[in-house]
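This report concerns only the one structure given below.
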4 protein chains.
Amino acid sequence: MEQNGNQNRGTGDRADLVPRFAGQGYTCEQVAERRAWVEAKTGASLELVGSYSIPSEDLRGNVENPVGACQVPLGVAGPLDVAGEHAQGRFYVPLATTEGALVRSYERGMVALTRAGGVTARVSLDRNRICPVFCFPDVASAHAVAAELPERLDVLRAEAAETTRHGRLAGLDCQPVGRDLFVTLSFATGDAHGMNMIAAAADRVCRWIVEHTAAERYLLFSGASSEKRASGSILAGGKGKRVVAGARLPRRTVRAVLQTTPERLVDLWQHTVVGHLQAGTFGYNGHFANGLTALFIACGQDVANVANAAVGITRFEQTEDGDLYASVTLPSLTVATVGGGTGLGTAPECLAMVGCVGSGKALKLAEIAAATLLAGELSMGAAIAEGQFVDAHEQYGRNRPPAVDDPHPAGGEGGG
Amino acid sequence: MEQNGNQNRGTGDRADLVPRFAGQGYTCEQVAERRAWVEAKTGASLELVGSYSIPSEDLRGNVENPVGACQVPLGVAGPLDVAGEHAQGRFYVPLATTEGALVRSYERGMVALTRAGGVTARVSLDRNRICPVFCFPDVASAHAVAAELPERLDVLRAEAAETTRHGRLAGLDCQPVGRDLFVTLSFATGDAHGMNMIAAAADRVCRWIVEHTAAERYLLFSGASSEKRASGSILAGGKGKRVVAGARLPRRTVRAVLQTTPERLVDLWQHTVVGHLQAGTFGYNGHFANGLTALFIACGQDVANVANAAVGITRFEQTEDGDLYASVTLPSLTVATVGGGTGLGTAPECLAMVGCVGSGKALKLAEIAAATLLAGELSMGAAIAEGQFVDAHEQYGRNRPPAVDDPHPAGGEGGG
Amino acid sequence: MEQNGNQNRGTGDRADLVPRFAGQGYTCEQVAERRAWVEAKTGASLELVGSYSIPSEDLRGNVENPVGACQVPLGVAGPLDVAGEHAQGRFYVPLATTEGALVRSYERGMVALTRAGGVTARVSLDRNRICPVFCFPDVASAHAVAAELPERLDVLRAEAAETTRHGRLAGLDCQPVGRDLFVTLSFATGDAHGMNMIAAAADRVCRWIVEHTAAERYLLFSGASSEKRASGSILAGGKGKRVVAGARLPRRTVRAVLQTTPERLVDLWQHTVVGHLQAGTFGYNGHFANGLTALFIACGQDVANVANAAVGITRFEQTEDGDLYASVTLPSLTVATVGGGTGLGTAPECLAMVGCVGSGKALKLAEIAAATLLAGELSMGAAIAEGQFVDAHEQYGRNRPPAVDDPHPAGGEGGG
Amino acid sequence: MEQNGNQNRGTGDRADLVPRFAGQGYTCEQVAERRAWVEAKTGASLELVGSYSIPSEDLRGNVENPVGACQVPLGVAGPLDVAGEHAQGRFYVPLATTEGALVRSYERGMVALTRAGGVTARVSLDRNRICPVFCFPDVASAHAVAAELPERLDVLRAEAAETTRHGRLAGLDCQPVGRDLFVTLSFATGDAHGMNMIAAAADRVCRWIVEHTAAERYLLFSGASSEKRASGSILAGGKGKRVVAGARLPRRTVRAVLQTTPERLVDLWQHTVVGHLQAGTFGYNGHFANGLTALFIACGQDVANVANAAVGITRFEQTEDGDLYASVTLPSLTVATVGGGTGLGTAPECLAMVGCVGSGKALKLAEIAAATLLAGELSMGAAIAEGQFVDAHEQYGRNRPPAVDDPHPAGGEGGG
């Protein structure tokens, strides 16, 4: 077990690299051999890591230096009735997590929503974005190109189309900052996440711009498109799908299932939105990150996209007749049903649970995700409003056997 | 397969709930029975989900309504030499991901750092925080309590100690906003994440405050502590561990392994930090979210914490003698080695790979995590600076067999 | 002197109101009578306040309950050579301030810029914005209107045109958040600030929307257009003019006038941009607020707009041949040359100093303002980089007679 | 008139500088001579600028290159009853502005508050801050100093005390970012703004640190203290005074004076706070910038501080018995009653109107300012909630004679 020794410090020579195999080494034997090497180097036993059931050659393109797979417990929450443009019907949602009480809490919100007649969901924008930056000799030349480039959209679109049949350059926005020019390129990427696809297309567009304008050079990623990070600009229409989900919940349903009242939830909203302001958070929500993470791990999404997708706005309002109107708005929900990890191992099984396998299903998945988050917001909001958060976690948390088999616990995760 | 039909919309009665079992149902048979029910309801086959190797009773406390486990491919990257106060030696880091090129990219950064002599890492703060809000009748009474409460820290600490032996109330900060009072409670939580622990302790403290002051009521979570979300306040010292990692890389190492120069990386930094400003992001980094997510899934961390942990600051500087000084600062790195999912299934095996199983290891894990992220920043930064991002992904991305077995690809994930 | 007594607390009856006069009271006598009343009520002597030279009837429409005028010291800084599309030539800029060293510091930057060949400036966008919010019964109806409204731009433009000849509805952006719909209306307002003009036009548009869609009601101001406040959305193209100004400064000029080097300024930039990230500021600049405030007071601008106009990005870069390229980007510069206070008293005189009186001059003023701010950034940056900030203030600050008559002090204001 | 000609472009030689006089030139004659030179250079007539009544020698230390003064119309609003710890009684507030309807709108809010029994105000923190940054050779040395420096507070305080009798180093906070160390120094500055004072003290402290630690150099201003700019960190306790003001307004007063209801104001708050979230603003308020700017110009404050002072949080809440509770929270209110422009010309007269001349009055001024802003929030909020904003501006705006002499208009400025 070498890791705590210093004998090799400062060398890092090739002998210490994780073993290389022909064709990168994705056969079962090569994975096993590599795993054994790691076990020898680190002293760890990787038995469970090695007991994976994904065909090992399928790992190619999704991971390098493979040694097996990690297992994340999978629970299921529902029923969740959704009335979207793409998702319609009753759903049972797969949630992969190790956080006790999370699944139960989302389930409680789903029951409340379903009893209330279900969730309405809509996708209002579906774009992935990339923002290269171009360097110019002075502000005048950057300004001139910013003024002219939008008129060349057709040419740029043709360039992009040379690299991909699936992504289409939909729009262009130029922002000069000093003598730099930030060019946001918006793409329609169908059911794929499409980041690699649009990177290749954007690279082609960039080369055209450098050849045909005063731009001296470019960086393909400028940081301005907020890939995998939270930002203020996401709220104005971020990467991926912009989705809204809402429901009207009768007072009696709020009382019966969530064990609170519309007034309490609105009161909670007013106080905690100020807490968010005080912290300087983007948007406002109770725990989008929890539900998104669990759904993303289950469904083979790029889980790091939680960083941007978790920015959004939850609202609890009282209607004129005393009911609750609850909604979530997700400006940057990055979900896919083809490509990436969506076809690998357990992911297609989880996608199948919600009828979202393959082409033509990404918008459906987006609506289901938004409805799921709305359930989580209601349940955790109710738990906090009624002071039941701690009790719920003591009931469902690790190593605490439940006193009763209550189907509607108050809990939730990580209120913040 | 019921999910696309509307026959049951609006009812959500108990018969539609995921089946309930005595003791919540964590035996293998109960899990299988539940899985069969879900298969019947949704039409999905859950064969791979069902082929999990975590002992099913171990799932209790980590997930409800369990139907099995998801599998996430695990790669390993290294060698990574770290010289921390807690982590010392050579490490091989487990990364669970489905994003092609990610592991290879982090590996490339690790090789560069290790050849350069390794990474220095330090933890400067180790606190978890919770911020309840108290409602007062007017601004004067909220102000008065804000002025007095810090003097009662000892009493509050004693109250908190009634609920837990592991968490200690370390500090108190009062911020009146109108007639509300936001009270940030800082806890030392040892090697546990400790959110549930400090929620229970804080609840006790809150009750004391309501009993002994003019406060009329409280909400345990105000939103001000930025649990599982990005915020500006995180940068001033957020939840969890505040960690810094840095390394000086000789120009020749930058050239040989990263295939770029210090000048190019500093130039990249200057342009992309402006891109971050333009987007209105918190802090600056290339893709913290990628490495954190992969490490968190592997090591049984609460993956939703990526939302806060991914806020931080990367720096590339040129030294006076022309080398590169690179660093990452992570104000809110939430890692644990006990509790939560850290003891479950594949997680302890991955933690064992980096020598971080159990008590006394959380700070070590924090230093290794920071060093890992630094590797990722260098590698992706170099790829973007040199215009090699697209090539690297075409080489390692899904379904594209590599032309060569180059150990040092340029790639990285999701540059944003 | 009543203000410290409590005898009238809680009444606030009409007798305590500042005196009312027929026609609101804008004659000299009425102003004097009101001033005397205030003197009697408060015990203050308002002799200097009363010695104003603006014709008193001119105050109508600009202030209510007038008692005179405040005097703010006016300095002048220059020469400043500008090569804009609208501003061309040599300028002397009026700066109204009470902050010692401010005028001298801006002057120093101007001398550097002018010796370097002057400042290039460009206006890339000229829009004022207002964002009403519409309330809908549910997310579906809000979504539907968001999808359709952009197609009705012509109708809405005609409605807006009924209220004003000067403002033109240029664009429309719909953002549903839950069941609310935020509709940003962009107007071209010519040389006027135009906030009142576009409020009236927007109100008309809003009424049309409520009459013709499912919208139940509206609020004319939603907070989303960032009038008179800083925000992340400003950086993506805010209210008013988006302006950039830049200059290449030879190393010898940086040395001779600013007494520093390009390297030092770039080093300063790198460290202080991290400081801005650490604070969670929007954008990056040294002290835009100082120059803007002084120019706005002098030129009769709406000074409260400094809150939005001071958001922007300063850059210091080293060119390949070792010179300095410096630039400022101002996404939301709100300046006017007609309407508001621009025609009142000393304001037209100050506008005349820079050739910006009346119609057709707002873009010229915008370019001059940007060039002025660039001068301030250079001078203060140099002072901080060279550790001369304190000395400069001790030389020029209040009650400290200068040791020498150096025309190029290091100082600046409020480095933050 | 040279400004539009290019004959001298690129020279900027000394002959073009604004004329230099012995002792910098603050006599009446020198000011007049300089003014004449500017008139000749620019073609502008500066007659009103020249008709200032501030003794010209008093301008020294407040402005360089003086040519006279600008005049800003002064209105007065009241009565405003305040029950603070420092401000107690009935006040008439001086507001210098050119924005029609602003004074009337603030007055309306003041009448409502005074009839309701007045405003309660409190100052909870009174600190000015400066944040130098220190450069270290590596992260380890920066970390080590961050850990040790807080223990040297006494030594640093003694150093600071060498430079000033008025400012006292109150606290110290160290934040390492990579190998940089940001050290926030908090000072008590009494009744002065104190920025120059604490800059000198901090400079001394910095020199000590460089001499006694591994720090290689420092920059006195790092950008992290948010001087004259908005930032997220301001909300956690910014520069200057942290002030809260609140009032309970009976429903009948809301109805009679503000012509709206508590329900409408709470509804407005809920919708517009979402608008602020959508824009990515810090905090939430209707138009703090308007009242602050008008008060700051009148009272000789550093008006550029509006950039930071305008960050804050307004709340409208309904009480259990159906009344309104309204409050404002100002985390960074930068006001002074000694130093800067507070003693110059019309400023002391305006300060005298609110009983805030000289030493011991800054906290009183802070409480009055907060109460004033609360009035403005109520009045503009009511105008927007009731759809009367446009009417009010048509009544009071420029060149529109009022139909009636209503003392309680609906208007306000710049709703955003």
Side-chain angles (χ1 to χ4, degrees), chain A residues 3-4 10 12 16 42 44 48 51 53 59 61-65 69-73 75 79 89 96 98 100 103-104 114-115 117 196 203 221-224 226-228 230-233 272 275-276 278-281 289-290 293 303-304 307 310 341 345-346 352-353 390 393 398 414-416, chain B residues 3-4 10 12 16 42 44 48 51 53 59 61-65 69-73 75 79 89 96 98 100 103-104 114-115 117 196 203 221-224 226-228 230-233 272 275-276 278-281 289-290 293 303-304 307 310 341 345-346 352-353 390 393 398 414-416:
Chain A
Q3 74 193 22
N4 292 317
D16 287 319
T42 68
L48 289 175
S51 71
S53 40
L59 299 173
N62 286 113
V63 70
E64 298 81 46
N65 297 352
C70 289
Q71 294 184 24
V72 184
T98 58
V103 172
R104 194 63 95 214
T114 297
R115 285 201 189 166
N196 292 341
D203 202 46
F221 295 95
S222 69
S226 295
E227 168 74 359
K228 295 180 179 171
S231 79
S233 67
T272 53
H276 282 67
Q278 179 67 12
T281 317
N290 276 323
T293 301
V303 186
T346 49
M353 280 178 62
V390 172
H393 279 79
R398 186 134 192 83
Chain B
Q3 75 194 22
N4 294 315
D16 287 320
T42 68
L48 288 175
S51 70
S53 40
L59 299 173
N62 286 113
V63 69
E64 297 81 47
N65 297 351
C70 289
Q71 294 184 23
V72 184
T98 59
V103 172
R104 193 63 94 215
T114 297
R115 286 202 190 165
N196 292 341
D203 202 48
F221 295 95
S222 69
S226 295
E227 167 74 359
K228 295 179 178 172
S231 80
S233 67
T272 54
H276 281 68
Q278 179 68 12
T281 317
N290 275 324
T293 302
V303 186
T346 51
M353 280 178 61
V390 171
H393 280 78
R398 186 134 191 81

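All figures in this text were calculated on a predicted structure; none of them were measured in a lab. Chain identifiers are assigned alphabetically (A, B, ...) following the order of the sequence lines, protein sequences preceding nucleic acid strands; residue numbering begins at 1 within each chain.
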Item to check | Heavy-atom contact with chain A under 4.5 Å, split by part of B:T272 | outcome: both
Checklist entry - Nearest heavy-atom pair of A:V103 and B:E64: which atoms, and what distance? => result N-OE1, 3.2 Å
Checklist entry - Taking all atoms of both residues into account, what is the closest heavy-atom pair of B:P79 and B:T114, and its distance? => result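 Taking B:P79 first and B:T114 second, the nearest heavy atoms are O-OG1, 2.8 Å.
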What residue in [options] has the most heavy-atom pairs under 4.5 Å with chain B?
options: A:A289, A:G75, A:S53; value: A:S53
options: A:A307, A:G232, A:A304; value: A:A304
options: A:A310, A:S51, A:A69, A:A96; value: A:A69

Item to check | Between B:G345, B:C70, B:G280, the one whose heavy-atom pairs under 4.5 Å with chain A are most numerous | outcome: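 Most heavy-atom pairs under 4.5 Å with chain A: B:C70.
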Item to check | Winner by heavy-atom pair count (cut-off under 4.5 Å) against chain A, out of B:V303, B:V63, B:T98 | outcome: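 Between B:V303, B:V63, B:T98, the count favours B:T98.
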Item to check | Check: B:T346 main-chain N/O paired with A:Q71 side-chain donor or acceptor under 3.5 Å | outcome: no
Item to check | Straight-line distance of A:H276 NE2 to B:S222 OG, nearest 0.5 Å | outcome: 8.5 Å
Checklist entry - Using non-hydrogen atoms only, which part of A:S231 is less than 4.5 Å away from chain B: side chain, backbone, both, or neither? => result both
